[in-house]
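Please read these numbers as outputs of a predicted model, since none were measured by experiment. Chain A is the first sequence line, chain B the second, and so forth, proteins listed ahead of strands; every chain is numbered from 1.
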There are 2 protein chains.
Amino acid sequence: MKKEADVFFEFLVGKGLKFTSQRKIILNIFLNTEDHLSVDDLFVLSRREDETIGYATVHRTLKLIKESGLAREVDFGEKRKRFEHLFGHKHHDHLICTKCGDAIEVFDPKIEKLQEKLAQKYGFKPSFHRMEIFGLCKKCGKREPHPV
Amino acid sequence: MKKEADVFFEFLVGKGLKFTSQRKIILNIFLNTEDHLSVDDLFVLSRREDETIGYATVHRTLKLIKESGLAREVDFGEKRKRFEHLFGHKHHDHLICTKCGDAIEVFDPKIEKLQEKLAQKYGFKPSFHRMEIFGLCKKCGKREPHPV
DNA sequence: GTAAAACATGATATTGATTTTCAATTTCAT
DNA sequence: ATGAAATTGAAAATCAATATCATGTTTTAC
Ligand SMILES: [Mn+2]
Ligand SMILES: [Mn+2]
Ligand SMILES: [Zn+2]
Ligand SMILES: [Zn+2]
């Protein structure tokens, strides 16, 4: 059993909540999918394991997972939210392919440092940030026709 | 009359559309407000000039303004979209105060350069990006109680 | 000038994701 | 077992964004 499951369990216990079978299924699918999932994605996957699981339950459980510190919300400029692993994952930003939708996780310490400096310059106390670069990934870039 | 109004007018003409009184009002309010406005913000402001203007018209006009190249959409992590001036404004990113909502416009050429490099490292062809740093602005940071 | 065509408007309806409500069920400590 | 508390799935509510539609207003064709 992953350590994350303990974290979630402890979080639930601390709030007087229960680790039900539905929550187990949803958590495990989330943990085993190293991807940026929407509520609906997770709902579809969860239904495969348990044909009776409800959308609301998936939604509520994902919210709990987020509150427990295991997940964070990410926004790739679509209309739906996505979630990614937080526990044991270092901060990173994304390169997002506008063609295939793939999200590459990246981290540049020099940029991070300059972001701090930039904030400082304005007397601003940063608490978090996000940076997304949109464009074509390696694969999609190759397939693109050359400019005329 | 601002040059932007001509840009918008030419855009409309090019599409066989008309520069109506409503569109004039909405455009002028948008141009005169150096701010990051939501459709609803702009609707409220427009109603002050013309009590009969409809929400749908504001929405449609803002869409046209965007298509004409005068505005672009920005996302400050709220559920509603915002729009800012694009014409004659250089690319910039934002420091967003999580307390008062103020958005400071910033630009760091070193960061921009590193973003290019970062993309290159992954064979990624960037076309645009966004970077938002959330935290407390100078004012709000001062008012914050010191940690215990 | 007049009539048809094209466009614009504001009210209203629809959409789609998210979030809440609610009655029924399950869990768990006595 | 019993009662309190938590959970569930379906359905409804919410809310911004968008589409529809009947009514006006130009513009164009004759
Ligand atoms: Mn990620
Ligand atoms: Mn701006
Ligand atoms: Zn791609
Ligand atoms: Zn502030």
Checklist entry - Should the ring pair B:Phe8 and B:Phe11 be called parallel, tilted or perpendicular, given that the plane angle runs from 0 to 90° and is split at 30 and 60? => result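 If you compare the ring of B:Phe8 with that of B:Phe11, the planes turn out parallel.
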Which of the following nucleotides, [options], is nearest to the side chain of [X]?
| X | options | answer |
| --- | --- | --- |
| B:Lys63 | D:dA19, C:dT9, D:dT8 | D:dA19 |
| A:Thr57 | C:dT19, D:dG9, C:dT9 | D:dG9 |
| B:Arg80 | C:dA8, D:dA17, D:dT8 | D:dA17 |
| B:His59 | D:dA10, C:dA17, D:dA17 | D:dA17 |
| A:Lys81 | D:dT18, D:dT8, C:dT19 | C:dT19 |

Checklist entry - So which heavy atom on A:Leu42 is nearest to which on A:Phe30, and how close? => result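 Reported closest heavy-atom pair: CD1-N, 4.0 Å.
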Checklist entry - Taking all atoms of both residues into account, what is the closest heavy-atom pair of B:Gly77 and A:Arg130, and its distance? => result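 For B:Gly77 and A:Arg130, the tightest heavy-atom pair comes out as N-NH2, 3.8 Å.
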Next on the checklist: If you assign each of A:Leu17 and B:Asp40 to its closest nucleotide in DNA chain D, which residue comes earlier from the 5' end?
Outcome noted: A:Leu17
Item to check | Side-chain donor-acceptor contact under 3.5 Å, B:Asp50 with B:Thr52 | outcome: yes
Next on the checklist: Heavy atoms only, 4.0 Å cut-off, all strands: where does A:Arg47 land among base, sugar-phosphate and nothing?
Outcome noted: sugar-phosphate
Checklist entry - Touch check for B:Thr52, heavy atoms < 4.0 angstrom, all strands: base, sugar-phosphate only, or nothing? => result sugar-phosphate
Distances under 3.5 Å only, N/O to N/O: pair up the protein atoms with those of nucleotides 25-30 of chain D.
none

Checklist entry - If only atom types and distance count, is the side chain of B:Arg23 paired as donor or acceptor with the main-chain N or O of B:Thr61 below 3.5 Å? => result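 Side chain of B:Arg23 to backbone of B:Thr61: no pair is present.
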Checklist entry - Checking side-chain hydrogen bond (donor to acceptor under 3.5 Å, both in side chains) against B:Gln115, which of B:His129, B:Gln120, B:Lys110 comes through? => result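 Of the listed residues B:His129, B:Gln120, B:Lys110, the side-chain hydrogen bond (donor to acceptor under 3.5 Å, both in side chains) partner of B:Gln115 is B:His129.
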Checklist entry - Pick one: which of A:Thr57, A:Val58, A:Ile26 meets side-chain contact (heavy atoms from CB on, under 4.5 Å) with A:Phe43? => result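 With A:Phe43 as partner, side-chain contact (heavy atoms from CB on, under 4.5 Å) holds for just one option, A:Val58.
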Checklist entry - Do the side-chain N or O atoms of A:Gln22 get closer than 4.0 angstrom to the phosphate oxygens (OP1, OP2) of C:dT26? => result no
Checklist entry - Does a side-chain N or O from A:Thr20 land closer than 4.0 Å to OP1 or OP2 of D:dA6, or not? => result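 No.
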Item to check | Side-chain donor/acceptor contact of A:Arg60 with base of C:dT21 under 3.5 Å | outcome: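 Answer is yes: a donor-acceptor pair is held.
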